[in-house]
Amino acid sequence: MTNEQTLFERLGGAEGCAAIAELVVENHLKNPDINKRFLDSDPAALKVLVRTFFAAGTGGPNEYEGRDMVTAHTGMNLNEREFVSTIDDVLAAIDERGLDAGVRSEVLAILYSFKDDILFR
Ligand code: HEM
């Protein structure tokens, strides 16, 4: 059997991506490994960027209007622990939404692919 739904659809579409973005930003703000990085961030604005980044990157209809990953993270000198910690926050959000293991591993693979754009810049 082929799965013809996009990852965006399997994430629950626009509503699903919005719910995940909400949880991801809340998780980051509670996460002692990384929350100091977000002291100057506006959570509401960040939720919009995370939502559209997710939706656009998984086959959704909208455009992502934020910065590219190199530009957004340059000057932060982020390390591996912080990188893994942000990904864990996304996986926790996916688990909280009750999404299946296939969706979870596809999202993980996409996020991991940004490693060289984000680390130590
Ligand atoms: C796979 C890993 C990551 C992804 C996909 C990701 C994604 C994003 C996106 C989409 C933005 C918005 C871009 C913009 O501001 O125009 C952003 C901004 C940002 N990210 Fe990341 N990020 C990742 C890892 C990290 C890590 C490890 C940290 C620090 C612990 C971090 C801290 C930040 C901060 C501080 C901002 C700016 C927020 C603001 O301007 O308010 N990110 N990231």
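Remember, it's 1-based here, ligands and their atoms both numbered in the order they're listed.
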Apply side chain to side chain contact (heavy atoms under 4.5 Å, CB included) to M69 and list each qualifying residue two or more places apart in sequence or on a separate chain.
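For M69 the side chain to side chain contact (heavy atoms under 4.5 Å, CB included) partners, ignoring immediate neighbours, are F53, Y64, H73, F114, D117, I118.
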
Show me the donor-acceptor pairs within less than 3.5 Å that the side chains of residues 41-49 make with the rest of the protein, sequence neighbours left out.
residue: D42; atom: OD1; partner: A44; partner atom: N; Å: 3.1
residue: K47; atom: NZ; partner: E22; partner atom: OE2; Å: 3.0
residue: K47; atom: NZ; partner: E26; partner atom: OE2; Å: 2.6

Sequence neighbours left out, what pairs pass ring pair (Phe, Tyr, Trp, His ring centres under 6.0 Å) with at least one residue falling in residues 15-37?
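Every pair satisfying ring pair (Phe, Tyr, Trp, His ring centres under 6.0 Å) with a residue in residues 15-37: H28-F38.
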
Roughly how far apart are [X] [atom1] and [Y] [atom2], rounded to 0.5 Å?
X	Y	atom1	atom2	value
L23	D95	CG	CG	11.0 Å
R10	D100	CZ	CG	7.5 Å
D33	D88	CG	CG	9.0 Å

Using a threshold of 4.0 angstrom between heavy atoms of the protein and any atom of ligand 1, which residues qualify?
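Residues within 4.0 Å of ligand 1: I34, R37, F38, S41, L46, L49, F53, Y64, G66, R67, M69, A72, H73, M76, L78, E82, F83, T86, L111, I118.
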
